[in-house]
Protein chains: 2
Amino acid sequence: MSRQHAEHGASGRPAGSTTIRTIADELGVHPSTVSRALREDESRKISAATRARVLATAEALGFRPNPVASSLRTKKTRTVGLLIPRLADVVLARMFEGAEDRARQLGYQAITTSTRDEPGSERKLAEGLLERRVDGLILATSTTGDPYPDELERRRIPFVLLNRSSRDHPCVRGDDELGGYLATRHLIAKGHRRIALIAGPPELSTTALRRQGFERALAENDLHSDARLVMSSSLEPQGGFDAGTQLLARPDRPTAVFAVNDATAVGVMAAARDLGIRLPDDLAVCGYNDSDLSGLLPIPLTSIALPLRDMGRAAVDLLLARLTGQAAESVVLAPRLIARESTSRPARHP
Amino acid sequence: MSRQHAEHGASGRPAGSTTIRTIADELGVHPSTVSRALREDESRKISAATRARVLATAEALGFRPNPVASSLRTKKTRTVGLLIPRLADVVLARMFEGAEDRARQLGYQAITTSTRDEPGSERKLAEGLLERRVDGLILATSTTGDPYPDELERRRIPFVLLNRSSRDHPCVRGDDELGGYLATRHLIAKGHRRIALIAGPPELSTTALRRQGFERALAENDLHSDARLVMSSSLEPQGGFDAGTQLLARPDRPTAVFAVNDATAVGVMAAARDLGIRLPDDLAVCGYNDSDLSGLLPIPLTSIALPLRDMGRAAVDLLLARLTGQAAESVVLAPRLIARESTSRPARHP
DNA sequence: AGCGATAGTGCAAACGATTGCCCGACCCCG
DNA sequence: CGGGGTCGGGCAATCGTTTGCACTATCGCT
């Protein structure tokens, strides 16, 4: 209440100037009493009257509890670490937004770092977060052979996987097998029989499962899977462009392409353009993720939509469940096909 | 050294099990000695011999200092808060990556939250970060009338602005006036005389300055700025589409459009397509930011490139300079025009 | 030889919150 | 009136690190 405090306008005193002790002195009670009064939970050890007084002067003094002190004592930081491959990837960014949002709702802070897909950086960065004493980790980075989740398990460090699964660690992901199936079935329904797959990198669960769905759809329709029509690639547009250029230069080129993400699908479209192949008449293309660009391309792109934001949210929920020792069931969310112009024409067989 | 420690494999003991005190006991010295030995800086108050011994057993015991305890004592968290409008925006995400990277290099942790462009959320989220005791803030969210930076200044809270400037607060940004000028001059050089501007929201320094550059280029070439060819818009593709649809439906429609970002430029291209206007012959389009999509569109988009990652880095450097009380000069980085097919044809005047 | 400087450590008090334990007051009831 | 129970709150230790201060050798210098 002194004059020096009055300077700090709208937002009260500078953060940290008033502590639990200031309040205690003001009221002539013990700091521990203040502490208990401030946290509801404490099994009714505080009279309603003093609690009210504490709350009132806390408010009046603009008290902001110091989470650092609290963390030191409780050994909980109310912080979760989120590791993702690249932030500039729209898909991951959206999951991040969901996660960050949900974490904040629950009184947690999400802290995120991107591994840039550099080898070994997943582990290094995760350890960095652990040194900062995050309560748990969300990994959106793991690959199929990745030993790191196993190690975390052994070390009893709470974590969940996001988007990409590995072994049977708790994971929140889309149903990629189903997504691949839906995409391919859609193309088959349009009459396509020579369907290529831009498969992405093989060591990711996402791409591997989309491929399985692709093959299941082919098999169900008595189409043989032609290994020459399945191309590994990066997940960047350039990868789609390179693979697409090879595929489309073949004499018996495919009439449809399923690309495991939108970025490579865009690359394929660019390759087609350079080869003078017109969409959607001469070639159908289906992507994955339904990034916000899909609908705005000159030829709007058919794609598989995933509830990305919900996935981020669910990952946080799952992790927090693990933190409180509850049973943590993996979550698999359903994808949805969004049909657009890029697959609008029936196949024209040569 | 006991057996229970041996279980934890590759990464040493569980984080937090060995403290400075463990080491002190092991060596028969006082904890304060260990503390001093571990931090180089300490003005040579420790003999090389004991330092070596401390370092050795710290290593052997897998000691990881607890930053929470350290923060409590020093009142520094080595953490900076970064506020950005939307993470799913490629431009911002790239700046974020730069910032996060640089922060880590310097022993800091960047923690990021996105405001989703919701009104009032900048302030609310920033205060949340401050309650978490971040050492400083990087705001990529401020608008021209925004009172929040002024308030932070009054409260003596260290911060810098990123991308968008406000008053003369310390800021790292691209030279948007120059960028707007370069884009427009490029279009003029192609022979265009009726050039429209998709201006974005007027309350951002970025868009306002790009517009100023646009008008300077026109004035230098004795072209009058036609208010009917300047359209406010959102920064989303939809905004470009709407504005573009209006502009291009005019009988005396422009032969070129400068859109203040790539997303709206894509929207304009979509509008042109719907109206049967062909690019690049009937219409030239120039965007801004050179997002990685620009080069992959069916008609690759001419755009203005900014060193986004460097901007993120520079913002961290600037903030840290302020934190250590050094002079903090704002940084303005130069943009670069990347000419592509969307502006490849000379203007054809009706 | 004497004396001040200095290097190297130890000591203990912080930092701000949490929490197990204890204690006094009061109530209820036989 | 006494005993057990409950309620409300105080006490002090604790989390792990940092840092001002005090102390003791050792060293250099006159």
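A, B, ... follow the sequence lines: proteins, then strands. Residue 1 opens every chain. This one's a predicted model, so the numbers in the text were calculated from it and none came from an experiment.
Under a cut-off of 6.0 angstrom, the local environment of CD in A:Glu329 is sparse, with at most 12 non-hydrogen atoms contributed by other residues, nucleotides or ligands. Taking a 6.0 Å sphere around CZ of B:Arg116, one finds it holds more than 12 heavy atoms contributed by other residues, nucleotides or ligands.
Taking every side-chain heavy atom of B:Ala69 into account, D:dG16 is the closest of C:dT18, D:dG16, C:dT9. Relative to the side chain of B:His30, the nucleotides C:dT9, C:dT18, C:dG10 differ in distance, and C:dG10 lies closest. In the set C:dA17, D:dT19, D:dT17, the nucleotide with an atom closest to the side chain of B:Thr74 is D:dT19. Listed candidates were D:dT19, D:dG9, D:dT17. Nearest to the side chain of B:Ser32 is D:dT19. Here the nucleotide nearest the side chain of A:Asn66, chosen from C:dA17, D:dG8, D:dT18, is C:dA17. Of all nucleotides listed (C:dT19, C:dC15, D:dT18), D:dT18 comes nearest to the side chain of B:Ile20.
D:dC15 atom C1' lies 13 Å from atom NZ of A:Lys76, rounded to whole Å. In this structure, the CZ atom of B:Arg78 is 11 Å from the P atom of D:dT18, given to the nearest Å. Here D:dG10 presents its C1' atom at 14 Å from CG of A:Asp25, a figure rounded to the nearest Å. Taking atom CD of residue B:Glu131 and atom P of nucleotide C:dA17, one finds them 12 Å apart after rounding to whole Å. One interatomic measurement links the two molecules: CD1 of B:Ile46 to P of C:dT6, which rounds to 18 Å at whole-angstrom precision. The nearest whole Å value for the distance from the CG atom in A:Leu27 to the P atom in D:dG9 is 11 Å.
In this model, the phosphate group of D:dG16 is approached by a side-chain N or O of A:Lys75 to a distance below 4.0 Å at OP1 or OP2. Phosphate proximity of D:dC15 to A:Ser71: absent, as no side-chain N or O sits under 4.0 Å from OP1 or OP2. Distances shown here put every side-chain N or O of B:Ser70 at or beyond 4.0 Å from the OP1 or OP2 atom of D:dG16.
If you check every strand for non-hydrogen atoms under 4.0 Å, B:Val29 touches sugar and phosphate atoms only. Among the protein residues, B:Ser35 comes within range of the nucleic acid bases, having at least one heavy atom under 4.0 Å from a base atom. Looking at heavy-atom distances under 4.0 Å, A:Pro65 makes contact with sugar-phosphate atoms alone, never a base.
The CD atom of B:Glu97 sits 10.5 Å away from the CG atom of B:Leu308 when rounded to the nearest 0.5 Å. Annotation: the span from A:Arg78 atom CZ to B:Arg132 atom CZ amounts to 7.5 Å, rounded to 0.5 Å. Between A:Thr113 atom OG1 and B:Glu100 atom CD the span is 5.0 Å, to the nearest 0.5 Å.
Taking each heavy atom of A:Arg313 and A:Asp101 in turn, the nearest pair found is NH2-OD2, 3.2 Å.
Contact check on A:Glu59 versus A:Arg64 returns no salt bridge, with no Lys/Arg side-chain nitrogen under 4.0 Å from an Asp/Glu carboxylate oxygen. The pair A:Arg322-A:Glu153 meets the salt-bridge criterion, with a side-chain N (NZ, NE, NH1 or NH2) lying under 4.0 Å from an Asp/Glu carboxylate O.
No N or O donor and acceptor, one from the side chain of B:Arg73 and one from the base of D:dT17, sit under 3.5 Å apart. A donor and an acceptor atom sit less than 3.5 Å apart, one in the side chain of A:Arg36 and one in the base of C:dG20.
Comparing the start and finish of the helix from C:dA1-D:dT30 to C:dG30-D:dC1, five pairs each, the helix axis swings through 40°, to the nearest 10 degrees.
Mapping A:Leu72 and A:Thr33 onto DNA chain C by nearest heavy atom places A:Leu72 closer to the 5' end of the strand. Position along DNA chain C of the nearest nucleotide to A:Arg21 versus B:Ser47 favours B:Ser47 as the more 5'-ward residue.
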